[in-house]
Number of protein chains: 2
Amino acid sequence: MTWVYDFEEGNRDQKALLGGKGANLAEMTRLGLPVPPGFTVTTDACKHYFHTGEFPADLMAEVTEHAHLLEERLGRRFGDQAAPLLVSVRSGAPISMPGMMDTILDLGLNDETVEGLATETGDRRFALDSYRRFIQMFATTARDIPGGGFERRLATARDDAGVESDSDLDVTALEAIVADFRALYEKEAGEPFPRDPADQLRVAIEAVFRSWNGRPAREYRSLNSISDELGTAVNVQTMVFGNMGSDSGTGVAFTRDPNTGENEPLIDFLPNAQGEDVVAGIRKTEDGAAFAAAFPAQHAQLVETMALLDEHERDACDLEFTIEKGTLYLLQVRRAKRTALAAVRIAQELVHEGRISEDEALMRVTPEQLDLLLHPRFDPDVDHDAIAHGVAASPGAASGVALFDTDEAATRGKAGEKIILVREMTSPEDLHGMAVSQGILTAQGGNLSHAAIVAKSMGLPAVCGADIEIDEGGRSFHVGGVVVNDGDVISIDGTLGEVSLGEVPVIVPEGGEQFGELLEWADARARLGVRANADLGEDCRRAREFGATGVGLCRTEHMFLGERLPLLRRYIMAADAAEASACLDEIRAQQRTDFVDILEAMDGLPVTIRLLDPPLHEFLPPLADLLVREATGRATAEESADLPIVRGLHEENPMLGFRGCRLGIGHPDLYRMQVAAIADAVADRVAAGGNPHAEIMIPLVANDSELAFLRRDAEAAWHEVMAAAGLDLAPTIGTMIEVPRAALLADTIAVDAEFFSFGTNDLTQMTWAFSRDDAEAHFLGDYLEQGILPFNPFETIDVAGVGQLVEMAVEKGRQARPDISLGICGEHGGDSASIRFFEQVGLDYVSCSPFRVPAARLAAAQAAMQEGENARDED
Amino acid sequence: MTWVYDFEEGNRDQKALLGGKGANLAEMTRLGLPVPPGFTVTTDACKHYFHTGEFPADLMAEVTEHAHLLEERLGRRFGDQAAPLLVSVRSGAPISMPGMMDTILDLGLNDETVEGLATETGDRRFALDSYRRFIQMFATTARDIPGGGFERRLATARDDAGVESDSDLDVTALEAIVADFRALYEKEAGEPFPRDPADQLRVAIEAVFRSWNGRPAREYRSLNSISDELGTAVNVQTMVFGNMGSDSGTGVAFTRDPNTGENEPLIDFLPNAQGEDVVAGIRKTEDGAAFAAAFPAQHAQLVETMALLDEHERDACDLEFTIEKGTLYLLQVRRAKRTALAAVRIAQELVHEGRISEDEALMRVTPEQLDLLLHPRFDPDVDHDAIAHGVAASPGAASGVALFDTDEAATRGKAGEKIILVREMTSPEDLHGMAVSQGILTAQGGNLSHAAIVAKSMGLPAVCGADIEIDEGGRSFHVGGVVVNDGDVISIDGTLGEVSLGEVPVIVPEGGEQFGELLEWADARARLGVRANADLGEDCRRAREFGATGVGLCRTEHMFLGERLPLLRRYIMAADAAEASACLDEIRAQQRTDFVDILEAMDGLPVTIRLLDPPLHEFLPPLADLLVREATGRATAEESADLPIVRGLHEENPMLGFRGCRLGIGHPDLYRMQVAAIADAVADRVAAGGNPHAEIMIPLVANDSELAFLRRDAEAAWHEVMAAAGLDLAPTIGTMIEVPRAALLADTIAVDAEFFSFGTNDLTQMTWAFSRDDAEAHFLGDYLEQGILPFNPFETIDVAGVGQLVEMAVEKGRQARPDISLGICGEHGGDSASIRFFEQVGLDYVSCSPFRVPAARLAAAQAAMQEGENARDED
């Protein structure tokens with residue numbers, strides 16, 4: 001059995017034996033790339049070590065043999081003062097396990113070789129600093145000596161020298177530190193620091209093996225279901241130095257521009273420097289042209305290498321390289337990190353170049369990247385100071401006048417002023433102000449607060465639950481020492497969760513047009529339709545531009561707000577049936593106009609309209625406010641008159657109260673009016689030559705009898721309108737599945753439902769017994785932090801629990817009515833991981849906010865492709 | 001094929017052919033009982049009618065033949081003026097369908113025969129009244145003529161005569177009405193009223209057939225899953241008259257005393273009267289002795305008949321009888337309605353007499369009857385006027401001083417005064433006052449309001465949601481014109497839902513001792529254990545007397561109320577960890593005492609203790625109250641200081657908020673303290689030589705990680721106490737299954753749960769998305785009234801929905817942990833229909849309020865027997 005392989009002996013298919021890193025180093029070596037030479041100790045050796053408690057008998061002999069090969073190849077020797085061989089030692093498991101063990105660099109340094117390094121680099125400070133780092137790393141990593149003692153000694157040395165930073169310590173100080181560190185090592189390890197590089201290497205290899213069974217590694221494997229039996233390989237690689245004189249240097253390179261995606265290599269170079277110097281950013285780097293001028297041969301070699309890598313990886317790569325005394329080495333090659341814009345361009349161009357398939361291109365861009373392309377952000381090239389931070393609740397960035405009063409915001413916003421609405425938190429009463437603002441800032445609430453959800457649906461940036469304190473009187477806020485008054489200009493970035501004073505310039509990426517091709521490929525592969533949640537004609541037109549295949553959720557309650565609110569209130573407070581009926585007639589006329597606008601915008605596409613859902617008291621002033629006004633004599637006569645009604649409608653747990661279909665049954669005139677208004681609009685559109693597809697959706701059904709009752713009522717109202725219009729159109733009527741019981745009994749409910757739309761927000765709330773707002777305010781953050789929940793079930797669907805109900809309802813619904821249409825209109829409709837699940841259970845469509853539609857189209861395509869792959873795997 | 005059977009030809013096994021009523025009449029005739037003779041038209045004739053649209057060819061010939069037989073047997077003839085034959089016509093389906101078709105009485109009356117009846121009875125008024133009733137019944141029942149026209153004519157006649165009641169109309173008026181009715185019939189039916197009794201009979205038989213397909217009958221069958229194919233039979237029976245002179249009379253008789261159950265016949269008799277006269281109660285009836293004196297032969301025959309029936313039915317029976325000119329007829333025989341006390345005594349005595357088995361005896365008493373025996377009631381023999389009515393929310397009756405302030409009630413109640421606590425509605429803040437009151441009266445809330453549930457658990461009578469209005473200031477209420485002030489004596493009966501002024505005497509049935517034998521038989525057959533929900537030692541002792549096999553739910557939150565509330569508030573408001581910890585130390589000492597008391601009362605039996613469940617804000621003053629006090633300057637300094645904390649803890653939907661295990665995770669010190677207090681108490685009891693079995697229950701778990709986290713914590717707290725006490729006892733830890741997700745994922749949760757207790761109250765709330773209080777306040781009543789729900793899912797478990805989750809959790813729980821203990825501690829634990837379901841799914845025990853334990857023991861036995869029967873049927 002062979003325990004050690006030279007990088008020249010392996011290839012990338014040997015991950016099980018050589019580990020991921022070892023196999024990649026071997027592959028690059030095989031391609032002829034200038035990788036610093038080295039060798040890999042196999043995973044078999046590791047396994048042997050764990051089964052027997054000892055190294056394989058031949059292991060160290062083989063290691064020594066390979067070390068000799070390195071010495072010969074490089075003309076350097078372990079322990080040689082003039083030309084010392086220094087190596088790095090790294091673990092490398094068959095499956096990547098980040099953070100399992102730290103790297104040990106510069107192994108081979110000792111009191112003699114450090115002087116050789118000093119001479120060769122002409123930088124004794126660098127050599128000593130490398131040496132003290134090596135001792136520290138070796139001690140903490142290979143010997144498990146706590147790092148605190150080393151750090152404390154460094155701090156003392158800084159104090160003694162009166163400097164702030166380690167890099168300001170001079171040679172004398174570093175000499176003392178090296179001596180100190182060796183002494184500390186000896187005390188803690190109970191033996192002198194090993195002088196002989198061969199001893200250092202043996203200890204380091206054993207340490208890597210042991211790290212496989214260390215606690216972090218075991219926990220990582222357990223969390224990620226990785227077998228304990230795989231073992232880790234150990235990579236021993238020659239160190240190279242870019243600071244060995246004017247014929248040396250270091251740099252990074254990209255095979256394509258990571259910002260724009262342009263197919264043009266990009267090189268950053270620092271002559272006579274180590275990699276740390278590039279990262280530290282203290283010296284200004286040179287560009288590709290300067291590098292080519294100074295190192296023409298190496299530049300040519302690098303460019304050729306980059307082309308080869310780009311070709312071989314079939315993707316943009318980034319490289320770290322070092323030139324040691326004229327020789328080019330590649331220290332690291334990875335697929336390049338890139339901006340969202342670059343990701344799209346690179347993927348599309350690779351297809352045009354014939355290098356990857358459309359399928360592969362679709363997998364190279366994440367839905368989250370597409371999403372980013374649709375929103376403005378603070379310009380990263382312009383400095384700004386954040387005065388406050390909060391939850392990045394809705395992406396985008398904007399500036400405007402901070403206003404604390406919703407009505408004022410509504411007035412001034414309509415007049416064209418740019419407003420940032422600042423509230424403790426928002427409620428449906430704030431909608432008219434939100435709609436004309438540039439952005440929302442709240443002191444309370446998180447990602448699922450009313451402000452966040454509404455802002456997302458309106459495509460407005462929002463920062464929620466920011467660390468600001470709104471002052472008594474509610475006309476200013478303070479944070480730290482800064483006070484922001486009503487009328488001051490502020491900026492918010494809802495992608496970053498930042499608040500700044502004054503106007504911060506924003507950039508608006510021009511992604512929109514650039515991903516059209518990608519989305520065409522996506523649509524050709526997606527099985528799920530992507531509809532939008534849109535309540536107004538304007539939203540619908542935007543959704544259609546973004547490629548929505550219909551409206552999955554049109555919430556009629558938003559149509560009752562703002563100017564129309566007094567009318568609905570009059571209905572609720574109506575003294576008698578005649579007055580109530582007169583109000584409803586007026587509302588019907590208004591809703592008819594709304595629906596005509598929506599159906600026109602979505603002509604030819606389905607529009608699912610949900611009948612009124614929230615409890616009526618949401619349209620009235622809060623009880624506590626009225627009580628206070630009444631008690632303090634500030635109530636108007638009207639408010640005093642309203643009080644008993646508001647009190648009568650008050651509920652302990654309104655989410656589980658008198659709302660949804662229960663309203664429709666308790667106030668049949670209300671739902672009949674809404675159905676009639678929809679029918680009116682359909683008739684109008686037909687008369688205008690349009691092709692309207694309205695679907696009537698009944699919310700919060702828990703029992704089939706509720707739906708049957710309301711369906712009868714709705715059909716009667718519909719047919720009355722159609723008969724008057726001389727039309728013979730049947731209504732399409734369906735229901736939300738958002739109450740656990742509806743999912744459990746979906747077969748009985750499907751009898752009267754032509755479609756189901758899963759309301760996964762409420763379904764999650766009820767299945768978990770989590771009130772979204774209360775949970776976020778009081779305990780959900782704590783749950784996520786403590787790892788009691790691995791994810792927020794309001795962001796990504798809880799497949800194990802809520803998903804079980806969805807799956808059950810899909811099965812039972814289709815069983816009772818094979819042609820039933822199935823969709824989902826909760827927040828999860830725009831979440832990629834959730835879309836994957838909805839693909840798996842076979843829904844017909846997802847519905848999400850208009851701005852999220854492009855991302856969802858991509859996610860739907862990816863989900864379909866992954867499902868196809870799974871299906872093939874199972875065959 | 002024979003279409004008509006004489007009563008002498010059939011028997012009780014021919015229900016399919018003769019219908020239930022026909023078969024019973026035949027059976028009684030077969031036994032030689034003096035049933036008025038008659039015949040039955042078969043269900044086959046009805047089926048033929050529906051298949052062909054016509055009577056079978058021979059049907060009317062057979063009817064005529066059987067009518068002739070009657071004429072011969074009785075010496076009366078259809079249409080004979082001197083001795084007219086009159087009959088009743090009734091439907092009778094194979095399965096009883098009450099109210100399907102009304103009875104037609106006195107068929108055979110016409111302008112001639114009415115005079116015969118007048119002569120024979122010597123009561124022309126009676127004859128005319130019978131005639132006008134017959135016309136009206138025939139018209140509405142056989143001809144579907146609306147009854148309003150007849151009623152309006154009667155009303156006009158009453159007005160003309162200046163009388164209040166029909167019975168005050170004289171002969172002249174009745175003659176006019178008969179003429180009027182006949183004219184109305186002719187107008188509506190388009191033909192004269194049929195004179196010939198044979199024609200009348202044909203039409204009546206056809207009407208009964210048609211009624212089988214009438215809407216009420218079809219709906220009843222659909223609701224009760226009865227086949228449309230069965231058809232109905234028609235019973236034609238001779239009318240007999242008890243008002244034909246001094247040799248006639250009418251009465252009712254019981255084979256055993258229906259009030260006490262004593263095995264002694266009971267007879268009520270009215271000479272020369274019809275059955276209506278007995279029912280109307282105008283004339284005073286004679287008892288058995290007087291009857292025997294006047295009618296010795298008939299009395300002897302009746303007593304003999306009663307003995308025969310009691311023997312034949314193997315149960316107490318009641319009889320309606322009539323003596324027509326010296327001949328005794330039985331008009332109706334039924335199993336006797338009886339009081340709860342009588343039901344128990346009769347069942348037990350029938351076993352002693354060797355007439356029925358213990359199994360049968362157990363089926364003869366309902367759990368609801370047993371329940372009634374435990375509660376006092378208004379003495380029915382004492383007149384009282386109810387001033388108000390409400391929901392019969394908790395059984396029992398009591399009198400006392402009406403007090404509106406909880407604290408005052410608490411003080412005066414403790415001092416020994418009898419109090420009825422009157423509140424708009426109650427909350428946990430009222431518990432200390434409720435505990436020392438005799439009864440509770442509220443203006444709001446229903447059967448599942450806080451007041452109702454707590455009153456039931458305390459065994460206190462309660463009338464909830466009464467039609468009273470509590471006046472401004474809350475120190476009096478009014479209803480109608482009556483005002484009840486603070487301090488007035490009132491009485492309430494929570495079994496009837498009545499409120500009376502002054503002290504109404506109550507009776508306390510002495511059932512307790514009398515059903516001991518029955519419950520012994522029950523326990524021998526029950527598989528389900530019956531535990532009690534009990535929070536205090538006193539409740540536990542009572543539960544044990546009632547035969548509880550343990551405590552299924554001990555709610556620790558009740559221990560924090562009253563005098564102890566300030567301590568818990570101090571903990572919630574604590575400025576720092578030290579203060580919080582000091583509070584908890586004090587609470588721990590208190591809880592230790594509580595638990596010792598409980599474990600002593602339940603020595604040797606399991607006691608399931610639930611850790612704190614309600615949100616902390618329930619222990620603080622309501623936010624709205626504080627806001628009002630603050631705004632009006634009435635807040636104390638302490639209240640002003642509390643306001644921000646109360647505001648911070650405020651929740652939109654507290655039921656789905658920061659409570660249950662979420663509290664335990666958010667405030668780990670709280671649960672640790674409670675576990676330590678339980679462990680303290682166990683150690684104390686062991687030291688005292690006791691045998692404590694405490695079970696620690698974690699509420700509101702939705703995910704396994706919550707339970708795992710809290711289990712670790714609880715085990716640590718437990719073992720610390722045990723180690724200090726030198727004991728080596730393991731804790732028993734389990735969880736409520738009350739969140740839908742917990743049921744869906746019960747297999748993962750069972751890993752850390754030694755027991756599940758189904759919290760079907762919350763599980764129902766979340767599965768239906770029904771907030772119990774809000775639903776009852778706003779729409780549940782409407783749902784039940786409109787038939788949208790056939791039952792209240794908070795009273796009887798919703799087998800289709802919630803039951804599905806329970807069944808799933810039982811299966812998954814047992815799969816993951818075969819020896820898991822399974823119980824239920826929601827309100828359904830005391831409901832017979834629900835107990836049947838819990839038996840079916842194989843729970844180990846139910847738990848209910850102490851007073852409900854005897855009823856639940858009986859229900860458990862009945863469920864076990866029914867399950868055994870089902871199992872045999874399936875074999």
Side-chain angles (χ1 to χ4, degrees), chain A residues 615 623-625 627-632 634 648-658 660 662-663 665-666 700 702-703 705-706 708-709 738-742 744-745 748 762 765-775 777-779 782-783 786-790 798 800-802 804-805, chain B residues 615 623-625 627-632 634 648-658 660 662-663 665-666 700 702-703 705-706 708-709 738-742 744-745 748 762 765-775 777-779 782-783 786-790 798 800-802 804-805:
Chain A
L623 177 59
D625 287 6
L627 287 173
V628 167
R629 293 177 67 79
E630 181 77 10
T632 54
R634 282 184 289 129
L649 287 174
H650 180 72
E651 295 184 305
E652 292 303 312
N653 294 283
M655 190 197 303
L656 309 183
F658 194 26
R662 300 161 197 175
L663 269 185
I665 291 169
L700 212 70
N703 196 42
S705 58
E706 295 171 311
F709 178 98
E738 56 185 334
V739 173
R741 195 174 186 280
L744 291 166
L745 291 164
T748 65
D762 271 3
Q765 299 198 89
M766 290 155 198
T767 304
W768 282 85
F770 277 1
S771 159
R772 189 162 70 185
D773 292 343
D774 299 323
H778 296 291
F779 63 86
D782 195 31
Y783 265 41
Q786 295 204 44
I788 290 183
L789 289 186
D798 154 37
V802 178
Q804 212 179 122
L805 287 174
Chain B
L623 177 59
D625 286 6
L627 287 172
V628 167
R629 294 177 66 80
E630 181 77 11
T632 54
R634 281 185 290 129
L649 287 174
H650 180 72
E651 296 185 304
E652 291 303 313
N653 293 283
M655 189 197 304
L656 308 183
F658 193 25
R662 299 160 196 173
L663 269 185
I665 291 169
L700 213 71
N703 195 42
S705 58
E706 296 172 310
F709 178 98
E738 55 186 335
V739 173
R741 195 173 187 279
L744 291 166
L745 292 164
T748 65
D762 271 3
Q765 298 198 90
M766 291 155 197
T767 305
W768 282 85
F770 277 1
S771 159
R772 190 163 68 184
D773 290 343
D774 299 324
H778 295 292
F779 62 86
D782 197 30
Y783 266 41
Q786 295 204 45
I788 289 183
L789 289 187
D798 153 38
V802 177
Q804 212 179 122
L805 288 174

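Numbered from 1 within each chain, the chains take letters A, B, ... in sequence-line order.
- Heavy-atom distances place both the backbone and the side chain of A:E651 under 4.5 Å from chain B.
- Counting heavy atoms from C-beta outward, A:I788 and B:N703 have side chains that stay 4.5 Å or more apart.
- Contact tally against chain A (heavy-atom pairs below 4.5 Å) for B:V802, B:L745, B:T748: the top residue is B:L745.
- Chosen from B:L649, B:L663, B:L700, the residue pairing most often with chain A at heavy-atom distances under 4.5 Å is B:L649.
- Proximity to chain B is absent for every atom of A:A775, based on heavy atoms less than 4.5 angstrom apart.
- Chosen from B:S771, B:G657, B:S705, B:A800, the residue pairing most often with chain A at heavy-atom distances under 4.5 Å is B:S771.
- Between B:L627 and A:L627 there is no side-chain heavy-atom pair separated by less than 4.5 Å.
- Separation of atoms CG (A:D774) and NE2 (B:H650) is listed at 8.0 Å; rounding is to 0.5 Å.
- Only the side chain of A:Q786 comes within less than 4.5 Å of a heavy atom of chain B; its backbone N, CA, C and O stay farther away.
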For this session: Starting from the C-alpha separation in whole Å, work towards a yes-or-no answer on side-chain contact (heavy atoms from CB on, under 4.5 Å) for A:L805 and B:L744.
Result: CA-CA 8 Å; A:L805 287 174; B:L744 291 166; 3.6 Å; yes
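- Only the side chain of A:D798 comes within less than 4.5 Å of a heavy atom in chain B; its backbone stays farther off.
- Looking only at side-chain heavy atoms (C-beta outward), B:I665 and A:Y783 come within less than 4.5 Å of each other.
- Note that CD of A:E706 and CG of B:L789 are 6.5 Å apart. Values are rounded to the nearest 0.5 Å.
- Both the backbone and the side chain of B:F770 come within contact range of chain A, with heavy atoms under 4.5 Å apart.
- Residue B:E652 touches chain A through both its backbone and its side chain, counting heavy-atom pairs closer than 4.5 Å.
- A:L656 contributes atom CG, which lies 12.0 Å from atom CZ of B:R772 (distance to the nearest 0.5 angstrom).
- Ranked by heavy-atom pairs under 4.5 Å with chain A, the first of B:A631, B:A702, B:A624, B:G801 is B:G801.
- Among all heavy-atom pairs drawn from A:W768 and B:R662, the shortest one is O-NH2, 2.9 Å.
- Most heavy-atom pairs under 4.5 Å with chain A: of the set B:G648, B:G666, B:P654, this distinction falls to B:P654.
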